[in-house]
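Note that the structure is predicted; figures quoted are calculated from it, not measured.
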Amino acid sequence: MRRKQLFAVLMAGSMAASLAACGKTDTKKTTAATEKKTEAATEKKTEVATTEAKTEKATEKATEKETEAATEKETEAATEAKTEEASSEEATEAKTEEASSEEASSEEASSEDVSAQAETEEESSEVVTEAKTEEASSEEASSEEATEAETEEASSEEATEAETEEASSEEASSEEASSEEASSEEASSEEASSEEATEAESEKVSSEEETEAETEEDIDGTGFKIGMVTDVGGVNDGSFNQSAWEGLQRAAENFGCEVKYIESKGDADFVPNIESFLDEDYDLIICTGYVMADAVRDAAELNPDQKFAIVDDASNADLDNVTCMMFEQEQASYLVGLAAGYTTESNVVGFVVGQANETMNSFGYGYCAGVLDANPDATILQYNANSFGDASAGKTAVNTMVTKGADVVFHAAGGTGLGVIDGCKENGIWAIGVDSDQSPLAPETILTSALKRVDNACYDATKKAILGTLEGGVATYDLAAGGVDIAPTTDNLSKDVLEKIEDAKKDIIAGDLVVPKNQEEFEEKYGDVYELD
């Protein structure tokens, strides 16, 4: 009997101990599970922290707090478990002693008490575990919410910054667009103003031209007669006389006046030719060349009501009924002198003049000045043919110059110059024409020509005579007024030479370059180089 009681007590104690151990084991498992969840949450938070710099610090702090809280609670739970275990052991011992003195019914009661206590402890453990789990979940949720909040805040800040940058960019773009638009509008305005100014200027020029054209159209030269007396070079000399005649033909076409020329074969023809026009009551008599100066003076003094005009003579400027048409031919000669000086390969050039006198020497001064300015080392061969109508003399002069090395020759010799051009062509060297563009005479030989716009002067004198505004005295035609120039045909001139010639023209017109026109002016700068004065 006592053995049965003792066995029952031992069994009850063993069961109590087993139940206590089971309760402890469950508590540890629950705690381990909780720790695993906490570690998983911590790892998750750490991953979030690596992606967001600001979230990292907050997550670390939250993790530390959770770890500390979990540790403290685990310690408390362990302490509670030990206390409960100790209490259970004490209760078991007390019940064992009580069971020794009581019967099996008491043993059953003790067994039921122990089971109830175990169940109570298990329930308490589960409650504690659930509380920890809920707390951990709550803390994890709070941490995640905090992380999300910080992430959202960071995203919000980034979005705000992005919006600010976008706004700044839009504002800058807007300002830039406005600036560009303003600049564009200003440029457009300036361009429009420039175009308007150009149009206005163009319209003004066009208006002036139209006015002049209308004025010339209104000029009625019907019944008005103009006669021209040539010098010995003839009307087809390809230069001086031919140019004058072309100007009169243009006047006849525009004004409806009558024009006529008479050629002079020699000096003895000047007076009778003038008298022929006087007898036929010509309104204006034009004499082409200073060689007729004396004949013009005699006729003008005998016929004070008759209008006369003479080319290249200023000696009759004191007469009220004589218009002296003078040209700054030295300016045109200077330009072709530059062409010769820059083009020569032998450094030897030539000059042939129809007659050496003050007027013709001005051609020589200008030409020599241009050659030396372009090529200071050049040698200038010079020849006076003493005639404006001796082509053979011109050719002879060229042949002589070629033997001395000349490869460019300029003539100011009228009809004699035609022989100069032929001589240059035969010898394969360059020729430079005069008065008109002589390139059609020998396109492969004529380098250029010194223009003397006798045609413009004769046209102008005719128009004024018809209008009744032609006055006595000197009428000067220079480069600025279009009275002299270099020929428009420039096929045989290099681009470089043309540019230098154009620069010289600008300087002459501006007054920065003064071309010598007489012996004193020439020798002051170049010395005694010109031999024909």
Derivation and outcome, salt bridge (charged side-chain N to carboxylate O under 4.0 Å, His left out), residues Lys517 and Glu521: CA-CA 7 Å; Lys517 64 169 60 176; Glu521 292 176 358; over 6 Å; no
Salt bridge (charged side-chain N to carboxylate O under 4.0 Å, His left out) partners of Lys225, counting only residues at least two apart: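 By the salt bridge (charged side-chain N to carboxylate O under 4.0 Å, His left out) rule, Lys225 matches no residue at all.
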With sequence neighbours excluded, residues passing salt bridge (charged side-chain N to carboxylate O under 4.0 Å, His left out) with Glu531: none
Looking at every heavy atom in both [X] and [Y], which two are closest together, and how far apart are they?
X      : Y      : answer
Glu471 : Thr323 : O-OG1, 2.7 Å
Asp455 : Ser243 : CB-O, 3.0 Å
Thr344 : Gly341 : CG2-O, 3.5 Å
Val497 : Ala339 : CG1-CA, 4.1 Å
Cys458 : Ala244 : SG-CB, 3.8 Å
Gln331 : Val484 : OE1-CG2, 3.8 Å

Test your reading of the model: is there a side-chain donor-acceptor pair from [X] to the backbone of [Y], 3.5 Å cut-off?
X      : Y      : value
Asn361 : Gly364 : no
Gln306 : Asp283 : yes
Asn492 : Pro443 : yes
Asn456 : Arg453 : no
Thr416 : Asp390 : yes
Asp478 : Ala481 : yes

Partners passing ring pair (Phe, Tyr, Trp, His ring centres under 6.0 Å) against [X] (at least two apart in sequence or in another chain):
X      : result
Phe224 : none
Phe277 : Tyr282
Trp245 : Tyr261

What residues form a side chain to side chain contact (heavy atoms under 4.5 Å, CB included) with [X], not counting sequence neighbours?
X      : value
Leu418 : Leu441
Cys368 : Ile380, Phe522, Tyr530
Ala293 : Ile310, Asp313, Ser315, Asn316
Ala340 : Val349, Tyr367, Val371, Val408, Ile432

With side chains defined as the heavy atoms from C-beta onward, is the minimum distance between [X] and [Y] less than 4.5 Å?
X      : Y      : result
Val336 : Ile486 : yes
Val322 : Lys307 : no
Thr448 : Thr489 : no
Val291 : Phe270 : yes
Leu335 : Ile508 : yes
Val398 : His411 : no
Asp298 : Val271 : no
Ile286 : Val229 : no

Any donor-acceptor pair under 3.5 Å linking the side-chain atoms of [Y] with those of [X]?
X      : Y      : value
Asp237 : Asn241 : yes
Gln329 : Tyr334 : no
Asp496 : Tyr342 : no
Asp231 : Ser264 : no
Asn427 : Asn399 : yes
Gln438 : Ser449 : no

Result of checking Met326, Met325, Met228 against Val311 for side chain to side chain contact (heavy atoms under 4.5 Å, CB included):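 Exactly one option meets the side chain to side chain contact (heavy atoms under 4.5 Å, CB included) with Val311, and it is Met325.
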Single hit among Leu513, Val515, Val514 for side chain to side chain contact (heavy atoms under 4.5 Å, CB included) with Asp507: Leu513
[atom1] of [X] to [atom2] of [Y]: how many Å apart, nearest 0.5 Å?
X      : Y      : atom1 : atom2 : value
Ser346 : Lys404 : OG    : NZ    : 13.5 Å
Lys505 : Leu498 : NZ    : CG    : 9.5 Å
Leu372 : Leu338 : CG    : CG    : 10.5 Å
Leu532 : Asn384 : CG    : CG    : 6.0 Å

Within residues 460-511 or reaching into it, pairs that qualify as ring-ring contact (aromatic ring centres under 6.0 Å, His included) - sequence neighbours excluded: Phe327-Tyr477
ring-ring contact (aromatic ring centres under 6.0 Å, His included): pairs with one or both residues in residues 439-466, sequence neighbours excluded: Phe255-Tyr459
Selection residues 271-282 - residue pairs positive for salt bridge (charged side-chain N to carboxylate O under 4.0 Å, His left out), sequence neighbours left out: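 Found Lys260-Glu280.
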Criterion side-chain hydrogen bond (donor to acceptor under 3.5 Å, both in side chains) on Asn347 and Asn375, from CA distance to verdict: CA-CA 8 Å; Asn347 284 343; Asn375 187 348; 2.7 Å; yes
